[in-house]
Engineer: 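Below is a structure I'd like to ask you about.
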Amino acid sequence: HRCGLVSAFDTAERYLELPLAQPDLHEEDGRELLVQVLVEHHAVLCNLVKPDECDRAYLTLEAMLDDPVELVDSCCLQITSLSNGSRYEEAFELGLALLERLGVPFPRENFTQVLEQEIDLLYRELESLARGGNPDLHEAGDPAEAAIAKLLCRLCGPTIFFDASLSYWTVIAAVRRLIRNGHTPHGLQMCTNLMMPFGALRGDYRTAYEAFRSAMRVAERNRCREVVYGIYCMFPLHTCHWVEDVANGISYARESIVGNAQMGDFEYACYGYYGLLMAVMETSSHADELWCEVEAAVKYANKTGNRHAMGTFLGFQQLCRSLRGELSLTGSFDGDGFSEREHVAACSTNRQALCYHHVLRAFTAVVYRDYRSAYRLCRDAVPLLSHVSSFYPVALHNFLYSLSLCKVLEGSEDAGLPEALLAANQEHCVRMPMRDTCRSLNLSNSVAVGVYEVLRQWDFPELLDHG
């Protein structure tokens, strides 16, 4: 235990292997102590980033523990181990199996329809609470409720990495249980994740923001140290920038990194850098300020074996090098031992890292006025945006996409718009009939004609048609 407190996990592993080698511990009367040692041994293996040994240790625990509540802590660590190794679907299925043992079935049939129904029900429950003056919810007394909330919370991360809708389900399920059965620490943390489903599926940022602030106040008041730093991690990641100055999230991100590391939650400590890097990128006056944070993020991801986060942090690393003039003056990330093509291939299963790469690379393309590349990169990022649901890169992407599209649309009047651009956006194209010998209409005249046609179809509402 003392070794774990100072992160001396290799020493802790040696101490734990000593009793595991004793035959007496494996007798029936030593079973309780054996379980305790195995739990600690599995935790140490996770922190030492030994995935194969983690898998074997967890299977042993799973076979020994009949009570699913007792298995939850180890299951959460195993989910983190799998997620850090980009084994997202395995992590999800592992958590689902234990949730079902805890009495929480997953709606595999008609999932999309069920998810929409669950969101509608949650809105009604929130409206009911609001009509009652938003009374403080009671604390849940059943240990199983706390275990379920913790498991749903740990599943929220890896699910958004491969299917965002599954992550939305974990959030909605946890918050609805909190309203019905009382709050738990991790239930409060899941309330702070409402920005993801509400923002993506309802465009409702205000309700999610108010729920976040409310849950954070309760967690701070109740001194829920095991989750408050996780909540601080989420604030700059997907909530702050929609309502407040993005700079307000920086102090929360820094505190989340330190606090989660002290609590032993190295995964969330690593994720704290996501919000920090974007906020510093937006607010810093010089690229060197961002570079200092990026260096720390890369070192931390490497030290904790978080391959998932490393894919994103390497994108930030090349962004800094480009802005500092260390790479070519085209905005390309190639150079200094880094290949964009190889990076994209290496992150083929890490869709979140791919999305960050496209958005950050589009940013440098705009800086160097390569708007066609920026447009292409933003277009390629569109199907990946669900994996950064409500994160700051969504807002940055929308700005870069709009800017680059406007620049690309500045085609010459004799040649018109590029055929590739038209082909890629056929569902958004409207043809204005004209002679084939005429020059193309410019953007201003095209907009005027389009606006007139819309108003005509609406029968010119509130406009004078005489006089």
Side-chain angles (χ1 to χ4, degrees), residues 115-140 145-146 148-157 159-160 164-224 226-246 248-249 252-253 255-256 268 271 274-275 386 388-392 394-395:
L115 178 61
E116 290 290 336
Q117 292 172 348
E118 289 289 307
I119 293 176
D120 290 339
L121 290 171
L122 176 56
Y123 265 105
R124 293 175 196 169
E125 291 166 347
L126 291 173
E127 290 169 1
S128 178
L129 284 175
R131 286 196 299 271
N134 286 318
D136 286 342
L137 296 170
H138 66 279
E139 186 174 355
E145 201 60 43
I148 291 168
K150 183 173 185 177
L151 190 51
L152 286 168
C153 187
R154 188 54 61 173
L155 280 176
C156 185
T159 47
I160 199 173
S165 63
L166 300 177
S167 184
Y168 303 157
W169 174 79
T170 65
V171 175
I172 300 301
V175 176
R176 291 200 65 209
R177 293 188 73 90
L178 177 143
I179 294 173
R180 295 194 305 269
N181 304 327
H183 68 77
T184 65
H186 289 90
L188 291 171
Q189 184 171 348
M190 288 297 265
C191 285
T192 66
N193 281 324
L194 279 172
M195 185 61 76
M196 292 192 295
F198 280 12
L201 302 180
R202 293 293 189 272
D204 183 3
Y205 301 100
R206 173 58 65 175
T207 301
Y209 171 78
E210 291 173 351
F212 192 112
R213 280 295 190 182
S214 178
M216 185 160 66
R217 285 194 297 270
V218 175
E220 291 173 333
R221 185 174 66 236
N222 292 353
R223 299 179 180 179
C224 302
E226 68 267 42
V227 301
V228 74
Y229 297 115
I231 291 173
Y232 291 168
C233 172
M234 295 299 109
F235 187 60
L237 183 65
H238 58 44
T239 297
C240 174
H241 47 270
W242 295 111
V243 180
E244 300 183 25
D245 187 334
V246 67
N248 293 352
Y252 285 98
E255 192 167 354
S256 79
Y268 269 86
Y271 293 157
Y274 280 75
S386 64
V388 292
S389 181
S390 297
F391 292 12
Y392 187 78
V394 174

Engineer: Between atom CD of E139 and atom CG of L178, what is the distance when rounded to the nearest 0.5 Å?
Structural biologist: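 That separation rounds to 10.5 Å.
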Engineer: Within a strict 4.5 Å, meaning less than it, do heavy atoms of the E118 and Y168 side chains meet?
Structural biologist: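 E118 vs Y168: side chains apart.
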Engineer: Would V246 and Y392 count as a side chain to side chain contact (heavy atoms under 4.5 Å, CB included) here? Give the steps.
Structural biologist: CA-CA 9 Å; V246 67; Y392 187 78; 4.3 Å; yes
Engineer: Within the structure provided, determine whether R202 and T207 are in side-chain contact (heavy-atom separation under 4.5 Å).
Structural biologist: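 Counting from C-beta outward, R202 and T207 never come under 4.5 Å.
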Engineer: Assess the residue pair W169 and T159 against the criterion (side chain to side chain contact (heavy atoms under 4.5 Å, CB included)); give the C-alpha distance rounded to whole Å, side-chain angles, the decisive distance to 0.1 Å, and a yes or no.
Structural biologist: CA-CA 10 Å; W169 174 79; T159 47; over 6 Å; no
Engineer: About how many Å separate OG1 of T239 and CZ of R213, when rounded to the nearest 0.5 Å?
Structural biologist: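 Rounded to the nearest 0.5 Å, the CZ-OG1 separation comes out at 9.5 Å.
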Engineer: To the nearest 0.5 Å, what is the distance between CD1 (I148) and SG (C153)?
Structural biologist: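 With rounding to 0.5 Å, CD1 (I148) is 13.5 Å from SG (C153).
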Engineer: Taking distance alone, no hydrogens or angles, what donor-acceptor pairs closer than 3.5 Å link side-chain atoms of residues 184-198 to residues at least two apart or in another chain?
Structural biologist:
unit_1: T184; atom_1: OG1; unit_2: G187; atom_2: N; d: 3.0
unit_1: T192; atom_1: OG1; unit_2: Q189; atom_2: O; d: 2.4
unit_1: N193; atom_1: OD1; unit_2: H238; atom_2: NE2; d: 2.9

Engineer: With rounding to the nearest 0.5 angstrom, report the CG to OG1 distance, L152 to T170.
Structural biologist: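 Nearest 0.5 Å value for the CG-OG1 distance: 6.5 Å.
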Engineer: Check step by step if side chain to side chain contact (heavy atoms under 4.5 Å, CB included) holds for Y232 and E220.
Structural biologist: CA-CA 11 Å; Y232 291 168; E220 291 173 333; 2.6 Å; yes
Engineer: Could you check whether any side-chain heavy atom of L122 comes within less than 4.5 Å of a side-chain heavy atom of I179, counting everything from C-beta outward?
Structural biologist: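 Counting from C-beta outward, L122 and I179 do come under 4.5 Å.
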Engineer: Are the side chain of S256 and the backbone N or O of A253 linked by a donor-acceptor pair below 3.5 Å?
Structural biologist: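 Judged by distance alone, yes, a pair lies under 3.5 Å.
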Engineer: Taking the six-membered ring for Trp, are F212 and F235 ring centroids under 6.0 Å apart?
Structural biologist: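 Yes.
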Engineer: About how many Å separate CZ of R206 and CG of D204, when rounded to the nearest 0.5 Å?
Structural biologist: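 Reported value, rounded in 0.5 Å steps: 10.0 Å.
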Engineer: Roughly how far apart are Y209 OH and W242 CH2, rounded to 0.5 Å?
Structural biologist: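 Spacing of OH (Y209) from CH2 (W242) equals 14.5 Å.
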Engineer: S167 side chain to C156 main-chain N or O, any donor-acceptor pair under 3.5 Å?
Structural biologist: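 Yes, because the side chain of S167 sits within donor-acceptor range (under 3.5 Å) of the backbone of C156.
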Engineer: If you look at every heavy atom in S390 and G199, which pair is closest and at what distance?
Structural biologist: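 Scanning both residues, the minimum pair turns out to be OG-CA, 3.9 Å.
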Engineer: Of R176, E145, H138, which meets side chain to side chain contact (heavy atoms under 4.5 Å, CB included) against N181?
Structural biologist: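 Going through the options one by one, the only one that passes is E145.
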